[in-house]
Amino acid sequence: MPRLRRYRGYSLRLAVTAFILLPCMLLAGFAAWLGLAAVERQGATRMQEDIELVTRAMTLPLSHALANRELAGVESVLLSAGRIGLVYGVYVYDEQGRRIASTGTPRAAMPSDQVVQLATGRERGGDFEDLGDEEVYSYFQPLTDAGGRIIGLLQVTRRGSDFEDYLSELRAWTVAGAVLLGLLLTGVIFLGHHRAVGRHVSRMERAMDRVAGGDLDHRIGTSGPLELRALSGSINRMLDGVVSTHRELVQRRAAEITLKEQLAQSEKLAAVGQLAAGVAHELGTPLATVDASAQRGLRHDALDDPLRRAFERIRGEVARMEHIVRQLMDFARRNPLRRRPEHANRLVQCALSQLAPDLERSDTVIETPGESDGDGPALDVDRIRVEQALVNLVRNAMQATPRGRVRISWFDDDEGRGFIVEDDGPGIPESVRPHLFEPFYTTKTVGEGTGLGLSVVHAIAEAHGGRISVDESPLGGARFRLLLNTSGHRA
Ligand code: ADP
């Protein structure tokens, strides 16, 4: 799990090893050690018992042969005893301790005095003896005649290494078994840990990484043991809380930025408006003078044609300049609004009647709300100025789509009330939108547009405490939304 490397401390796996696996292994090792000691003891006893049994089996025929002085009988019993694999040496002594017959290794034979001592002691039993380079185990059995008189001693010997071999084999098997058990236990505990806890914890970790990587809607799946499910559920609830707070913050920040931009725009427009008002005011009088002079000139009877055309052109251009001055004055107008409740439909109809000459010349189809929509909501507005805003918006839309469709509608929603003017023209590129409401911004040729229409609409929306915004229309072109009465301000 490379992700864990960034933390200091021990892993869950190490904890399981140290707190569960290691104590279990130590306990198992201790139990194996105790068991082995018991088995060792039992094994050694059994090996001694084996020799004891062999000795007992030989006692009767040997006693009989010895009592009858039949040496051949003694030899034959020894011969058959020598064939038994576990017997290392067999020795038969007479009552004086002399060895009268033996088979197997002669090394373990006893000196006569000891034999007499053992035989007269009438005790049978076994003992280990060190022969220098090896150890042997001997079992002694006194031999008696029918009357119970001691007539000799039988000694049966087994190699000490038999015991050693047996014990080291036993130990080797025990150690191998313990190692195998340890490995199996480790495997089982690691696998068990992975299935019960590890994989669920890794899944939780991966899920948290995804959330941290930006996938805010991703959540931890709730599976696995109850405790981990409860933990995943708590983390998910915490993530829900964190994410919703984060989203709220982002929204609030975006709203703040928009508000700041609007404020900056308003301040800019106010400054330009002041300038425009001054210019318009100063131009009004000279323009009126020029127009009056041209009018007087035209009244002369002896006016030749070129001069008449010149005076008429002067008047035409003066009219155009006056139109611009009027727009400038509209834009710069800061006098208080004369608000009155007006139905949306009436405002639309009045604006359309002002546009009658344009409509006559144009092939654009104007769509307005049907009769079923009634008069529409009542708006508390300055009628003259709202009509002017609608005229400007509809005129722009008509110019954008000379043979297309322009739709005028009203809205009454959570935000407030106002109008929507949209068309199926080319629309407005995203890059242009920030400049749209700036005075004198136009894409039209000289004489066709002044770049003041939307600035005037902006000023009117602001004066009403509303807003003008633009986006894409479902018709395919631009959609202007003119908010006039915010929800706190209703007619
Ligand atoms: P003008 O119409 O005199 O150019 P405006 O302020 O009314 O000035 O409009 C500014 C610019 O916005 C226009 O030149 C035009 O490029 C663009 N515009 C306005 N309305 C639309 C519309 N409905 N579709 C496409 N472009 C528009």
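Start at 1 and go down the list; that is how both ligands and their atoms are numbered.
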What atoms of ligand 1 come closer than 4.0 angstrom to any heavy atom of [X]?
{"X": "Gly449", "result": "3 (O)"}
{"X": "Ala397", "result": "23 (N)"}
{"X": "Thr442", "result": "1 (P), 4 (O), 14 (O)"}

Nearest-contact summary for [atom] - protein heavy atom, Å:
{"atom": "atom 5 (P) of ligand 1", "value": "Leu454 N, 3.6 Å"}
{"atom": "atom 16 (O) of ligand 1", "value": "Thr443 OG1, 2.4 Å"}
{"atom": "atom 2 (O) of ligand 1", "value": "Lys444 NZ, 2.6 Å"}
{"atom": "atom 22 (C) of ligand 1", "value": "Ala400 CB, 3.8 Å"}
{"atom": "atom 11 (C) of ligand 1", "value": "Tyr441 O, 4.0 Å"}

For [X], I'd like to know if atom [atom1] has over 12 heavy atoms of other residues, nucleotides or ligands within 6.0 Å.
{"X": "Arg308", "atom1": "CZ", "value": "yes"}
{"X": "Tyr10", "atom1": "OH", "value": "no"}
{"X": "Arg313", "atom1": "CZ", "value": "no"}

* Asked: Is it the side chain, the backbone, both or neither of Asp423 that has a heavy atom closer than 4.0 Å to ligand 1?
  -> side chain

* With backbone taken as N, CA, C and O and side chain as the heavy atoms from C-beta onward, which portion of Ile428 lies under 4.0 Å from ligand 1: side chain, backbone, both, or neither? -> side chain

* Asked: Aromatic rings Trp410 and Phe419: how do their planes relate, parallel, tilted or perpendicular, breaks at 30° and 60°?
  -> perpendicular

* Asked: Are Arg13 and Phe190 in a cation-pi contact, defined as NZ or CZ under 6.0 Å from the six-membered ring centre and within 45° of the axis?
  -> yes

* Please confirm whether Arg481 makes a cation-pi placement over Phe411, using NZ or CZ under 6.0 Å from the six-membered ring centre and within 45° of the ring normal. => yes

* When Phe480 is tested against each of Leu436, Asn396, Val457 for side-chain contact (heavy atoms from CB on, under 4.5 Å), which residue passes? -> Leu436

* What about Gln399: any of its N or O atoms under 3.5 Å from an N or O on ligand 1? -> no

* With only distance considered, is Gly451 within less than 3.5 Å of ligand 1 through an N or O on each side? -> yes

* Asked: To which of Leu436, Leu452, Asn396 does the heavy atom nearest atom 17 (C) of ligand 1 belong?
  -> Leu436

* For the residue pair Arg203 and His200, confirm or rule out a side-chain donor-acceptor distance under 3.5 Å. => yes

* Asked: Below 4.0 angstrom, N of the basic side chain to O of the carboxylate: do Arg407 and Asp423 qualify?
  -> no

* Measure the distances from the heavy atoms of Gly425 to every atom of ligand 1 and state whether one is below 4.0 angstrom. => no

